[in-house]
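This report refers to the structure that appears directly beneath it.
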Amino acid sequence: MTETPPADRYPTPTRDLRGSRVVAIILSIGVVLLGLALAFFAYNKFAGDDVEGQSISYSLVDDSTISIRFTVTREDPSDPAVCIVRARSRDGSETGRREVYLGPSDSGTVDVTTLIRTSQRPAIADIYGCGTTVPEYLTTG
């Protein structure tokens, strides 16, 4: 019995190493480009906004109204902004919400005080969020 199979019966394996290297390089470049595109879209979606609100204080006005004082810092004070403030009851459920329009200003940080009407006795008021995408109904009127 021989160790080598007869040459005319079985084909000898041939490999084109240049072709497989080209394929590997193209696939590697494709994976890197896909990763960069994914990172770009994720950054744009989850990056911090140009507007930041911070609650300073709140006070109970009556059984259906609470007052909240907060500051809003904008990267570009000439851009209008909107903040959503909310009131919650003792059990944590939201009992009132309000959108506060902030027009362009000269200062990067503005101090705002507003009232929130509630459906139950409020216990706390806080900022739900702020942004530069202002609904049209807040600017017309």
Side-chain angles (χ1 to χ4, degrees), residues 2-141:
T2 62
E3 296 281 326
T4 333
D8 61 338
R9 185 180 274 181
Y10 302 102
T12 57
T14 59
R15 288 190 175 167
D16 182 14
L17 293 179
R18 278 183 284 151
S20 61
R21 280 190 188 146
V22 169
V23 170
I25 290 171
I26 290 173
L27 285 175
S28 298
I29 291 172
V31 167
V32 168
L33 290 176
L34 182 65
L36 288 173
L38 183 65
F40 175 77
F41 289 120
Y43 176 78
N44 283 339
K45 181 169 177 74
F46 298 113
D49 204 356
D50 296 341
V51 181
E52 183 180 332
Q54 183 170 358
S55 180
I56 295 179
S57 65
Y58 61 89
S59 62
L60 208 59
V61 176
D62 58 35
D63 285 348
S64 62
T65 309
I66 193 166
S67 173
I68 182 171
R69 181 174 169 234
F70 60 99
T71 60
V72 178
T73 304
R74 292 179 270 194
E75 199 169 292
D76 183 2
S78 65
D79 286 342
V82 64
C83 287
I84 300 172
V85 292
R86 66 182 179 170
R88 293 187 289 162
S89 64
R90 288 185 61 105
D91 66 2
S93 62
E94 185 176 292
T95 60
R97 178 183 282 228
R98 180 174 184 179
E99 295 172 312
V100 180
Y101 173 73
L102 305 160
S105 72
D106 296 327
S107 175
T109 302
V110 293
D111 194 3
V112 181
T113 302
T114 191
L115 296 174
I116 306 169
R117 304 273 181 222
T118 62
S119 60
Q120 298 175 15
R121 182 173 169 81
I124 189 171
D126 60 4
I127 299 174
Y128 185 75
C130 296
T132 55
T133 307
V134 179
E136 187 176 333
Y137 61 85
L138 287 177
T139 59
T140 58

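Keep in mind it's a predicted model, so treat the numbers as computed, not measured.
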Residue pair [X] / [Y]: nearest heavy atoms and the distance that separates them:
X: A87; Y: T118; answer: CB-CG2, 3.5 Å
X: G96; Y: I116; answer: C-CG2, 3.8 Å
X: P80; Y: Y101; answer: CB-OH, 3.6 Å
X: P77; Y: S107; answer: CB-O, 3.3 Å
X: I66; Y: S59; answer: CG1-O, 3.3 Å
X: A125; Y: S55; answer: O-OG, 4.3 Å

Note to self: Less than 3.5 Å apart, any donor N or O on the side chain of R74 or T132 sitting next to an acceptor on the other?
What the structure shows: no

How about [X] and [Y]: do any of their side-chain heavy atoms sit closer than 4.5 Å?
X: D126; Y: F70; answer: no
X: V85; Y: V112; answer: no
X: V82; Y: T133; answer: no

Next item on the list: Would you check if the side chain of R98 reaches a backbone N or O of R117 as a donor-acceptor pair within less than 3.5 Å?
Entry: no

Notebook entry, point to check: With no hydrogens and no angle check, is any side-chain donor or acceptor of T71 less than 3.5 Å from a backbone partner on V110?
Noted result: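 Side chain of T71 to backbone of V110, a donor-acceptor pair under 3.5 Å: no, none is there.
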
Atom [atom1] in [X], atom [atom2] in [Y]: separation rounded to 0.5 Å?
X: I127; Y: I84; atom1: CD1; atom2: CD1; answer: 11.0 Å
X: T95; Y: R86; atom1: OG1; atom2: CZ; answer: 10.0 Å
X: E94; Y: S89; atom1: CD; atom2: OG; answer: 10.0 Å

Notebook entry, point to check: Is the number of heavy atoms from other residues, nucleotides or ligands under 6.0 Å of Q54 CD greater than 12?
Noted result: no

Item checked: Other residues, nucleotides, ligands: >12 heavy atoms within 6.0 Å of D91 CG -> yes

Next item on the list: Start with the C-alpha distance between D50 and D76, add both sets of side-chain angles, then the distance that settles side chain to side chain contact (heavy atoms under 4.5 Å, CB included), and finish with yes or no.
Entry: CA-CA 8 Å; D50 296 341; D76 183 2; over 6 Å; no

Check: In chain order, what residues pass the side chain to side chain donor-acceptor pair (under 3.5 Å) check against T73, with sequence neighbours excluded?
Finding: T109

Item checked: side chain to side chain contact (heavy atoms under 4.5 Å, CB included) between L102 and S105, worked out -> CA-CA 8 Å; L102 305 160; S105 72; over 6 Å; no

